[in-house]
Engineer: 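First the structure, then my questions, so here it is.
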Number of protein chains: 2
Amino acid sequence: MPVTIYDVAREAGVSMATVSRVVNGNPNVKPSTRKKVLAAIEQLGYRPNAVARGLASKRTTTVGVIIPDISSPFFAELARGIDDIASMYKYNIILCNSDERVEREVHLTNTLLEKQVDGIVFMGREITESHMQVFTTASVPIVLAGTKDPTGKLPSVDISHYDAGYDATKYLIDKGHRRIAMVTGPLIDPLAGMRRFEGYKQALTEAGLPLKDSYVYNGNFRYESGLAAVEQFLSLVEQPTAIFAVSDEMAVGVIHGLQDRGLRVPDDIDVIGFDNIRLAEMVRPRLTTVVQPMYDIGAVAMRLLTKYMNNEKVDHHIVILPHRIEERQSTKGRMTEEQQDELE
Amino acid sequence: MPVTIYDVAREAGVSMATVSRVVNGNPNVKPSTRKKVLAAIEQLGYRPNAVARGLASKRTTTVGVIIPDISSPFFAELARGIDDIASMYKYNIILCNSDERVEREVHLTNTLLEKQVDGIVFMGREITESHMQVFTTASVPIVLAGTKDPTGKLPSVDISHYDAGYDATKYLIDKGHRRIAMVTGPLIDPLAGMRRFEGYKQALTEAGLPLKDSYVYNGNFRYESGLAAVEQFLSLVEQPTAIFAVSDEMAVGVIHGLQDRGLRVPDDIDVIGFDNIRLAEMVRPRLTTVVQPMYDIGAVAMRLLTKYMNNEKVDHHIVILPHRIEERQSTKGRMTEEQQDELE
DNA sequence: GGTTTACATGAATACGATTGCATGCAAGAG
DNA sequence: CTCTTGCATGCAATCGTATTCATGTAAACC
């Protein structure tokens, strides 16, 4: 029923090969016939069948995107970066939510490969053996965004979580803090969980500060974790003077937990977050945070993928994007003892 | 190079038709041969080519989703609802960001149709003539989510924006407010902009309250609009005692704008928002808001689409989901004069 | 035991494009 | 004027599957 390339050919009085050529912008067509064909297309309301084209050409101009949860602001921003670059290169995106479940991630990968996507951008937590197994059976490129595989084989785009954890902690130390608590992510997460925590530990160690278990709360990136963390920290005899939470949501939870107990931020306690989602500017006090270029991670990952898909030369298959600390109102620092001495 | 159904057939010593049958779960296959085929598939690592299947069967088990901006929490939640139901029915989704630009929406629709999606879920602002034109050329069902077309022809899932606007305003009136300001969306938006505003006007009228231009600020759903609105309202001699913002982001902007000026919410001014995104619970005071079932709108829209795709009977092609007001701490009301009289 | 019935399977074709190869023709070279 | 060259076009194979139809076989029936 729908009009095919053959109908157009008949209408224009040419062969289907010629129609195909004008549709695909092949220069080897006489302007006059091109015009005829275009007219026929317009006339008949012809819409090329991309599935047939995909079968014949072995390219679908579609890429798969596997994401933990699109309703998370962090990943949504990443996804937007991916899609913007994708559409810039004329690709469409098949978006799949994995909820970070390994079997599902593997299953989705297979589904995407069946659908003959030209490439895949993968976002997840841990890269396991199961992942590597499917990934290596793929005949199309796969790049990791916001993750890195332990073997370093796969192309990936991410920040240095270790450095970021270190920098945030160092920032607080330099501000004069000595009792610094941390709200971590799930430590099963090797990067956003573990590596950031290791950065924290390193910074403490270098400053000669003790690592106290009671100053570490194991969160899950969500707001409620922040609230819960405050409970733990405030029950201590020696309460922290600064709290480093590895997601903005948790950081805001911390701030509100503190405020609900009558403490002021940053007057009583400093708080620093992580990510720099829009929320960070939509709290009072505005949140000092480690900014992670989420949009860019997505965009760069997609750009990298296009290079692989076009068999272009790539210099570095692992790219580490810079992070930085955006100083806002949730941190103001403490005077160190030396500074206090000077004042006297 | 990749292994095809033909290779499997040879390996299993059957015809490709039989392989196709077992792959598609056709019951007309002797268990013993099914087993042989399955073994061959496993052995060869066969992965069915969904593109070829799509061409032959004329179904892609893929649906298109056009969305203004996936990085907006509101739409992200909607998208999640869509994807969950889609994957429940074994569909994948092609996600496209339109930025609410009409030409782009039209263009994306055409692209999706070329890719032979089995259906489309469309989210946008206004449904114009251009939209209707493409939509009607489509041979697959299209359902609107979070919008409605003026002609009422297209299937859609949404709330009643008019009622919601009315209810929010009425809520404030019942709380004793007489000076109620509103931060609207762009009035070009016929629903989230205009209809909510009309509900507001109606509620005022019924209560015998005047509609004052200075009490209306034209926002764009973003946080900054809320801040700006406060500027306008506080410059008035007779300042409002309650503010109704048609997005939570704007409402939070309003709250912060007020707080930044030393006013307290709700002690000095009540604020009510709209949407009930997670942010609403991540502010102090927590935001009273009109809850819009975003996830459900997406889910129901997708469910409706599956019915159309399966040629099932549908009772109502336009479905209006319920909204309600979630009362939190940003509203506490004012005593009316009568109440004050009673106290004396 | 012959006829009907149901099931299991294979051969062949359609799906709607892309693309390599052959061909015809006109222009340019010698 | 002939030969070469290159452009414009058509022919036909191909992509990997679904699906109809015909066929063969075994079970079921009276």
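All figures in this text were calculated on a predicted structure; none of them were measured in a lab. Quick note on labels: first sequence line is chain A, next is B, and so on, each numbered from 1.
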Engineer: Without decimals, in angstroms, what is the distance between A:Y6 OH and C:dT18 C1'?
Structural biologist: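 Result: 16 Å.
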
Engineer: Within less than 4.0 Å of OP1 or OP2 of D:dG16, is there a side-chain N or O belonging to B:T4?
Structural biologist: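 Result: no.
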
Engineer: Given D:dG16, C:dA17, D:dG10, which nucleotide is nearest the side-chain atoms of A:I5?
Structural biologist: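 Closest of the options to the side chain of A:I5: C:dA17.
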
Engineer: Select from A:S15 and B:N24 the residue whose nearest nucleotide in DNA chain D is closer to the 5' end of that strand.
Structural biologist: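 Of the two residues, A:S15 wins.
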
Engineer: Using whole Å, report how far NZ of A:K30 lies from P of C:dA27.
Structural biologist: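 It is 11 Å, rounded to the nearest whole Å.
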
Engineer: Taking the nucleotide of DNA chain C with the closest heavy atom to each, which residue, B:T33 or A:Y46, is nearer the 5' end?
Structural biologist: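 Comparing both residues, the 5'-ward one is B:T33.
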
Engineer: Measure from the side chain of B:A52, starting at C-beta and using heavy atoms only, and say which of D:dT9, D:dT17, C:dG10 lies closest.
Structural biologist: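 The closest nucleotide is D:dT17.
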
Engineer: Would you call A:R10 and A:D7 a salt bridge, taking side-chain N to carboxylate O under 4.0 Å as the test?
Structural biologist: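 Yes, charged N to carboxylate O under 4.0 Å.
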
Engineer: Could you check how far CE of A:M16 sits from C1' of C:dA14, rounded to whole Å?
Structural biologist: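 Rounding to the nearest Å, CE of A:M16 and C1' of C:dA14 are 13 Å apart.
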
Engineer: Whether the side chain of B:R21 and the base of C:dG10 hold a donor-acceptor pair under 3.5 Å is what I'd like checked.
Structural biologist: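 Check passes, donor-acceptor contact within cut-off.
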
Engineer: Can you see if the side chain of B:T18 gets near the phosphate of C:dT9 - specifically, an N or O under 4.0 Å from OP1 or OP2?
Structural biologist: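 Checking C:dT9 against B:T18, no side-chain N or O comes under 4.0 Å of OP1 or OP2.
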
Engineer: Would you mind reading off the distance between B:K58 atom NZ and C:dG16 atom C1', rounded to a whole angstrom?
Structural biologist: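 The answer, rounded to whole Å, is 8 Å.
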
Engineer: Indicate yes or no: does A:R303 engage A:D296 in a salt bridge with an N to O separation below 4.0 Å.
Structural biologist: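 Looking at A:R303 and A:D296, the cut-off is not met.
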
Engineer: Select base, sugar-phosphate, or nothing to describe what B:V51 touches, counting heavy atoms under 4.0 Å on all strands.
Structural biologist: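 The answer is nothing, as B:V51 stays clear of every strand by at least 4.0 Å.
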
Engineer: Under 4.0 angstrom, heavy atoms only, what part of the nucleic acid is B:V19 near: base, sugar-phosphate, or nothing?
Structural biologist: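 Nothing, no heavy atom under 4.0 Å.
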
Engineer: From NZ of B:K115 over to P of C:dC15, roughly how many Å is that when rounded to an integer?
Structural biologist: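 Between P of C:dC15 and NZ of B:K115: 23 Å.
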
Engineer: Can you tell me which nucleotide in C:dA17, C:dT9, D:dG16 comes closest to the side chain of A:L55?
Structural biologist: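 That would be D:dG16.
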
Engineer: In sequence, state the C-alpha distance, the side-chain angles, and the governing distance for A:V23 and A:R53, and then conclude on side-chain contact (heavy atoms from CB on, under 4.5 Å).
Structural biologist: CA-CA 11 Å; A:V23 168; A:R53 168 182 299 167; 3.5 Å; yes

Engineer: Would you sort out whether A:R104 and B:S87 count as a side-chain contact (heavy atoms from CB on, under 4.5 Å), showing the intermediate values?
Structural biologist: CA-CA 11 Å; A:R104 191 162 163 69; B:S87 75; 3.7 Å; yes

Engineer: Rounding to a whole Å, what distance do you find between B:N26:CG and D:dT20:C1'?
Structural biologist: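 So the two atoms are 13 Å apart, to the nearest Å.
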
Engineer: So B:S20, base contact, sugar-phosphate only, or nothing? Heavy-atom distance under 4.0 Å.
Structural biologist: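 Touches a base.
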
Engineer: Identify which nucleotide among C:dG16, C:dT18, D:dA18 has an atom closest to any side-chain atom of B:S57, counting heavy atoms from C-beta outward.
Structural biologist: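 Selected nucleotide: D:dA18.
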
Engineer: Return the value, rounded to whole Å, for the distance between atom CD1 of B:I41 and atom P of D:dT17.
Structural biologist: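 Checked: the CD1 to P distance equals 10 Å.
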
Engineer: Rounding to an integer number of Å, can you tell me how far A:N49 CG sits from C:dG16 C1'?
Structural biologist: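 Atom CG in A:N49 sits about 6 Å away from atom C1' in C:dG16.
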
Engineer: Only one of A:V319, A:I318, A:L144 forms a side chain to side chain contact (heavy atoms under 4.5 Å, CB included) with A:L304, so which one is it?
Structural biologist: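 By the side chain to side chain contact (heavy atoms under 4.5 Å, CB included) criterion, A:L304 pairs with just one of A:V319, A:I318, A:L144: A:V319.
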
Engineer: Is the distance between the ring centroids of B:F122 and B:F135 less than 6.0 Å?
Structural biologist: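 Ring centres of B:F135 and B:F122 closer than 6.0 Å.
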
Engineer: Under 4.0 Å: is that the gap between some side-chain N or O of B:N28 and OP1 or OP2 of C:dA8?
Structural biologist: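 Looking at the OP1 and OP2 atoms of C:dA8, one of them is under 4.0 Å from a side-chain N or O of B:N28.
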
